[in-house]
Engineer: 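First the structure, then my questions, so here it is.
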Amino acid sequence: MSVLNTRFTETFGVEHPVVQGGMQWVGRAELAAAVSEAGGLGLITALTQPTPADLVREIEKARKLTDKPFGVNLTILPAINPPPYDEYRRAIVDSGIRIVETAGSNPEPHMGLFKEHGVKVLHKCTSVRHALKAQRIGVDAVSIDGFECAGHPGEDDIPGLVLIPAAADRLTIPFIASGGFGDARGLVAALALGADGINMGSRFMCTVESPISPAVKQAIVDADERDTELIFRPLRNTARVAKNSVSTEVVRILASGGEFADVRDLVAGARGRLVYENGDVEAGVWSVGMVQGIIHDVPTAGDLVRRIVDEAASIIRGRLTGLLAPAKVSP
Ligand SMILES: Cc1cc2nc3c(=O)[nH]c(=O)nc-3n(C[C@H](O)[C@H](O)[C@H](O)COP(=O)(O)O)c2cc1C
């Protein structure tokens, strides 16, 4: 088994610079534990658990599956009836979790408690300016999502090929690249662009331990890189989802002047959840990224992590080193 040491692996005490990002309805104990057991960093998604007490139980479940470090994703989104973020945050630290991925908005209100308890904070954002702000308020590392990503890519539309080196030029703390990563080639590219590792969502959705219907995993394998759609663009809350009859209807309604209220039922979280539970990929909107175009199988999460790291080492030692032609000696 190869090892790639980066500032990320050193800061977070994991073997491999490969993270399984927070995923609503997908990031449960089995998946997070499988990723961590293989030496990556698995994350349980806090808000998938209906209450903070359920989150505590989910963390205990993961502890039974691995002794290695895993973390919790806390996604902080503006909402009319927000979940009890303070209670989730308290449940996280009281459970002894020492790695948290924050996302969705500025993590500043949560930093005090996390730092008091020695929690390492990995903040996920979609622009260099937000990454710099997170660095200023004291996060330990940043995960930066390019335009390719599943979920919320922000409104700047900067793909990873520019966003990652732009972040590398400005940040001094470790950071990982996210959005569009699915294999060893992506990991090597991310390292070459200046990142300290990769974060993946869609690729880990398509693993044995991912707790969603096999029909959804097969739909991802069958889809290509064009089969996603951006919804909520006119509302400036863009989300990349699988392209289906529901997403296309949402785009049509909003493009013709509709408001959120006109699509509320179509985009309801409960409908998206049904997709994952029943495998009916037309039941609602569901998140997946462009990277589905290079997802061709459903391995265990552990095999996936090992494959990515081993193949990355082979690419570095083999193909890339082989490109270094000996200098021509002039006569
Ligand atoms: C099904 C699904 C659900 C997601 N839910 C969340 C979430 O609740 N919070 C969050 O911060 N990111 C969420 N994400 C984004 C991922 O953590 C990650 O940033 C993104 O998937 C990276 O892009 P990729 O899919 O191309 O790897 C989700 C992604 C997927 C595929």
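In each ligand, atom 1 is the first atom listed, and ligand 1 is the first ligand listed.
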Engineer: Met200 heavy atoms, cut-off 4.0 Å: which ligand 1 atoms fall inside?
Structural biologist: 27 (O)
Engineer: Are Arg98 and Phe70 in a cation-pi contact, defined as NZ or CZ under 6.0 Å from the six-membered ring centre and within 45° of the axis?
Structural biologist: no
Engineer: Go through ligand 1 atom by atom and flag the ones less than 4.0 Å from a non-hydrogen atom of Val291.
Structural biologist: 26 (O)
Engineer: Among protein heavy atoms, which lies nearest atom 26 (O) of ligand 1, and at what distance?
Structural biologist: Gly180 N, 2.8 Å
Engineer: Just jot down the ligand 1 atoms closer than 4.0 angstrom to any heavy atom of Asn199, in number order.
Structural biologist: 18 (C), 19 (O)
Engineer: Between Arg203 and Asp297, does the salt bridge (charged side-chain N to carboxylate O under 4.0 Å, His left out) criterion hold? Intermediate values first, please.
Structural biologist: CA-CA 10 Å; Arg203 178 63 271 202; Asp297 61 359; 3.0 Å; yes
Engineer: Please report whether ligand 1 has a polar contact with Arg203, defined as an N or O pair separated by less than 3.5 Å (distance criterion only).
Structural biologist: no
Engineer: Does the side chain of Lys243 reach to within under 4.5 Å of the side chain of Thr248, using non-hydrogen atoms?
Structural biologist: yes
Engineer: Just to be sure I'm reading this right: ignoring hydrogens, which of Trp286, Trp25, Tyr276 gets closest to atom 1 (C) of ligand 1? Compare them by their nearest heavy atoms.
Structural biologist: Tyr276
Engineer: With backbone taken as N, CA, C and O and side chain as the heavy atoms from C-beta onward, which portion of Leu47 lies under 4.0 Å from ligand 1: side chain, backbone, both, or neither?
Structural biologist: neither
Engineer: With a cut-off of 4.0 Å, which atoms of ligand 1 are near a heavy atom of Asp145?
Structural biologist: 19 (O), 22 (C)
Engineer: Mind checking what makes salt bridge (charged side-chain N to carboxylate O under 4.0 Å, His left out) contact with Asp196, not counting sequence neighbours?
Structural biologist: Arg7
Engineer: What is the nearest protein non-hydrogen atom to atom 8 (O) of ligand 1, stated with its residue, atom name and distance?
Structural biologist: Gln24 N, 3.3 Å
Engineer: Which heavy atom in Phe232 sits nearest to a heavy atom in Ala239, and how many Å separate them?
Structural biologist: CD1-CB, 4.4 Å
Engineer: Out of Gly289, Gly201, Ser202, who gets a non-hydrogen atom closest to atom 25 (O) of ligand 1?
Structural biologist: Ser202
Engineer: Grab the two heavy atoms, one from Ile198 and one from Gly186, that are nearest each other, plus how far apart they are.
Structural biologist: CG2-O, 4.3 Å
Engineer: Please check if atom CG in Leu193 has more than 12 non-hydrogen atoms from other residues, nucleotides or ligands closer than 6.0 Å.
Structural biologist: yes
Engineer: Count the heavy atoms of every other residue, nucleotide or ligand shown that sit under 6.0 Å from CG of Asp169, and state whether that count exceeds 12.
Structural biologist: yes
Engineer: For atom 9 (N) of ligand 1, what is the nearest protein heavy atom, given as residue, atom name and distance?
Structural biologist: Thr75 OG1, 2.7 Å
Engineer: Show which atoms of ligand 1 fall inside a sub-4.0 Å distance from at least one heavy-atom site of Ala103.
Structural biologist: 11 (O)
Engineer: If you measure from atom 13 (C) of ligand 1 to every heavy atom of Cys206, Ser287, Gly22, Gly21, which option wins on shortest distance?
Structural biologist: Gly22
Engineer: Dump the intermediate steps for salt bridge (charged side-chain N to carboxylate O under 4.0 Å, His left out) on Asp157 and Arg233, then the final yes or no.
Structural biologist: CA-CA 11 Å; Asp157 302 357; Arg233 287 244 90 166; 2.7 Å; yes
Engineer: Below a 4.0 angstrom heavy-atom separation, can you tell me which part of Met205, side chain or backbone, both or neither, approaches ligand 1?
Structural biologist: side chain
Engineer: Counting heavy atoms only, name the option from Gly146, Ala150, Ala177 that's nearest to atom 20 (C) of ligand 1.
Structural biologist: Ala150
Engineer: Note the single closest protein heavy atom to atom 4 (C) of ligand 1, along with its residue, its atom name and the distance in Å.
Structural biologist: Met23 CA, 3.4 Å
Engineer: Apply side-chain hydrogen bond (donor to acceptor under 3.5 Å, both in side chains) to the pair Ser202 and Gln292, showing each step before the final yes or no.
Structural biologist: CA-CA 7 Å; Ser202 305; Gln292 62 183 343; over 6 Å; no
Engineer: How close do Thr6 and Pro17 get, counting heavy atoms only, and between which atoms?
Structural biologist: OG1-CB, 3.9 Å
Engineer: Taking heavy atoms and a distance under 4.0 Å, where does His152 meet ligand 1: side chain, backbone, both or neither?
Structural biologist: neither
Engineer: Provide the number and element of each atom of ligand 1 under 4.0 Å from a heavy atom of Asn73.
Structural biologist: 9 (N), 10 (C), 11 (O)
Engineer: Please answer whether the main-chain N or O of Glu37 pairs with a side-chain N or O of Lys68 as donor and acceptor at a distance below 3.5 Å.
Structural biologist: yes
Engineer: What part of Ser178, side chain, backbone, both or neither, has a heavy atom within less than 4.0 angstrom of ligand 1?
Structural biologist: side chain
Engineer: Could you list the residues that satisfy side-chain contact (heavy atoms from CB on, under 4.5 Å) with Ile315, not counting sequence neighbours?
Structural biologist: Ala184, Arg185, Val188, Leu320
Engineer: Are any of the N or O atoms of Glu148 closer than 3.5 Å to those of ligand 1?
Structural biologist: no
Engineer: To which protein heavy atom is atom 12 (N) of ligand 1 closest, and what is the distance rounded to 0.1 Å?
Structural biologist: Lys124 NZ, 3.0 Å
